Amino acid sequence: MGRPPLLCDSELVCLAVAQALLGYRSEARWLRFARKRLANLFPYLPQQSGYNKRLRAALPLVKRMIRELATDSDFWTDTVWITDSTPVPCGMSRPTVQRSSLAGWAGYGYCASHSRFFWGLRLYLVCTPTGMPILWALANPKIGEREVLAAMLEVDAELVARREGILLISDKGFASKAFEKDLAQLGIELLRPSFKRALAASGRRLVVLDDGEVEDDLERDMVEVLTSLCARLYGRRSARDRAHRALEAAQHG
């Protein structure tokens with residue numbers, strides 16, 4: 001049996017959630033703050049190494065709690081999903097690549113948004129338009145985007161089966177007739193930027209607002225999302241110009 005831990009799993013997860021909500025990215029800074037302000041709320045606060053080890057061991061529990069909290073939100077049932085991927089560089093030098101414990105998992109890839117190569121992983125995310133994460137995965141950048149997304153949907157097949165009429169919005173990297181047929185068998189309709197006619201044929205429309213007439217916070221967030229997507233696709237320098245051109249095109253036609 002052994003001696004019970006001084007900080008139980010539920011208290012550990014509570015501590016990790018508080019760290020995320022209060023915006024502490026550094027575990028050392030967070031633990032210093034917790035000892036100063038939250039010591040009376042927890043029976044024991046571990047050192048940084050112990051805290052990191054406990055969090056790593058509790059990853060399945062943390063993921064389960066994230067899913068439980070997400071399912072309690074109204075946004076969880078949204079049938080409009082957005083998917084994309086972004087590079088996660090893990091090393092910049094050759095010695096780091098050779099000595100890293102990520103060898104075998106990480107690999108070399110190319111980031112078209114920044115026009116550069118990197119060594120690391122690629123983060124794939126499926127979320128709702130409000131930003132609610134539905135699925136995520138880390139994969140070797142040499143693996144194709146469609147292959148990774150298919151594996152994600154296969155692992156959480158039950159999650160997909162509980163929804164009807166899913167509209168999946170992606171960039172052109174995920175487009176393929178064979179892949180679209182596979183998604184159709186799962187009840188998922190794939191929509192990428194060039195499929196404007198398919199959007200109209202399905203009875204849906206996307207409304208882009210003029211950022212000069214935005215008063216509501218949600219509308220302002222949508223304009224910022226559009227600018228962010230342009231930055232991801234075309235680079236930060238031309239993001240604002242392309243966003244304005246997209247707004248003008250939507251307003252005039």
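The residues of the chain are indexed from 1 along the displayed sequence. Since the model is a prediction, treat every value here as computed from it, not as a measurement.
- Note that NZ of K181 is 12.5 Å distant from CG of L183, once rounded to the nearest 0.5 Å.
- Residues P141 and Y108 have side chains not in contact (no heavy-atom distance under 4.5 Å, counting atoms from C-beta outward).
- A heavy-atom distance below 4.5 Å is found between the side chains of R67 and D156.
- Using a 4.5 Å cut-off on side-chain heavy atoms (C-beta onward), S100 and W119 make contact.
- The hydrophobic clustering, which links ILVMFWY residues whose side-chain heavy atoms are closer than 4.5 Å, places I66 and L69 apart.
- Note on L6 and L15: same hydrophobic cluster, where clusters join Ile, Leu, Val, Met, Phe, Trp and Tyr whose side-chain heavy atoms are under 4.5 Å apart, directly or indirectly.
- To the nearest 0.5 angstrom, R32 atom CZ is 6.5 Å from S26 atom OG.
- Rounding to the nearest 0.5 Å gives a distance of 10.5 Å between CG of D182 and CG of L153.
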Start with the C-alpha gap between V155 and M152, add the side-chain angles, then the distance that decides, and say whether side-chain contact (heavy atoms from CB on, under 4.5 Å) holds. CA-CA 5 Å; V155 170; M152 293 168 60; 6.0 Å; no
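- Contact record, V80 with P129: O-CD, 3.1 Å, taken as the closest heavy-atom pair.
- For the pair Y110/P87, no side-chain contact is recorded, criterion being any heavy-atom separation below 4.5 Å from C-beta on.
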Decide yes or no on side-chain contact (heavy atoms from CB on, under 4.5 Å) for W81 and I169, but give the supporting numbers first. CA-CA 6 Å; W81 291 357; I169 303 175; over 6 Å; no
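- L135 is listed as a side-chain neighbour of L159, based on a closest heavy-atom distance under 4.5 Å.
- A 4.5 Å side-chain heavy-atom check between Y124 and L149 finds every atom pair outside the cut-off.
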For side-chain contact (heavy atoms from CB on, under 4.5 Å), just list the numbers for T128 and I82, CA-CA rounded to whole Å, side-chain angles, deciding distance to a tenth of an Å, and then say yes or no. CA-CA 6 Å; T128 66; I82 301 174; over 6 Å; no
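- For C90 against T96, the heavy-atom pair with the smallest separation is O-CG2, 4.3 Å.
- Atom CZ of R116 has more than 12 heavy atoms from other residues, nucleotides or ligands within 6.0 Å.
- Rounding to the nearest 0.5 Å places CG of D84 at 7.5 Å from CD of E145.
- Tracing side-chain contacts under 4.5 Å through hydrophobic residues (I, L, V, M, F, W, Y), one reaches F42 starting from Y24; they form part of the same cluster.
- Contact detail for A70 and M132: the closest heavy-atom pair is CB-SD, 3.8 Å.
- Geometrically, R25 does not engage W30 in a cation-pi contact, judged by NZ or CZ lying under 6.0 Å from the ring centre and within 45° of the ring axis.
- Between Q19 atom CD and C14 atom SG the span is 12.0 Å, to the nearest 0.5 Å.
- For R29, the CZ atom sits in a loose shell: 12 or fewer heavy atoms of surrounding residues, nucleotides or ligands are nearer than 6.0 Å.
- The heavy-atom pair separating T83 from S170 by the smallest distance is CG2-CB, 3.5 Å.
- Closest approach of Y44 and L7 over heavy atoms only: O-CD1, 3.2 Å.
- Taking the side chain as every heavy atom from C-beta outward, N52 and S49 never approach each other to under 4.5 Å.
- Side chain of N140 to main chain of W105: a donor-acceptor pair is present (N/O by atom type, distance under 3.5 Å, no hydrogens or angles).
- Within the 4.5 Å cutoff, the side chain of F33 has heavy atoms near those of the L38 side chain.
- Linking ILVMFWY residues whenever their side-chain heavy atoms come closer than 4.5 Å, directly or via other members, leaves L125 and F174 in distinct clusters.
- Atom CZ of F75 has 12 or fewer heavy atoms from other residues, nucleotides or ligands within 6.0 Å.
- Under the 3.5 Å distance criterion, with hydrogens and angles disregarded, no donor-acceptor pair is assigned to the side chains of T79 and R163.
- Counting heavy atoms of neighbouring residues, nucleotides and ligands inside a 6.0 Å radius, atom CD of Q98 exceeds 12 of them.
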Quick one: do E27 and L55 satisfy side-chain contact (heavy atoms from CB on, under 4.5 Å)? Show the steps, please. CA-CA 11 Å; E27 293 179 351; L55 278 182; 4.1 Å; yes
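- With rounding to the nearest 0.5 Å, the separation of CD1 in I143 from CG in L121 is 9.5 Å.
- Across C111 and R122, no two heavy atoms sit closer than the pair CA-NH2, 4.4 Å.
- Linking Ile, Leu, Val, Met, Phe, Trp and Tyr residues whenever their side-chain heavy atoms come within less than 4.5 Å places V126 and L186 in a single cluster.
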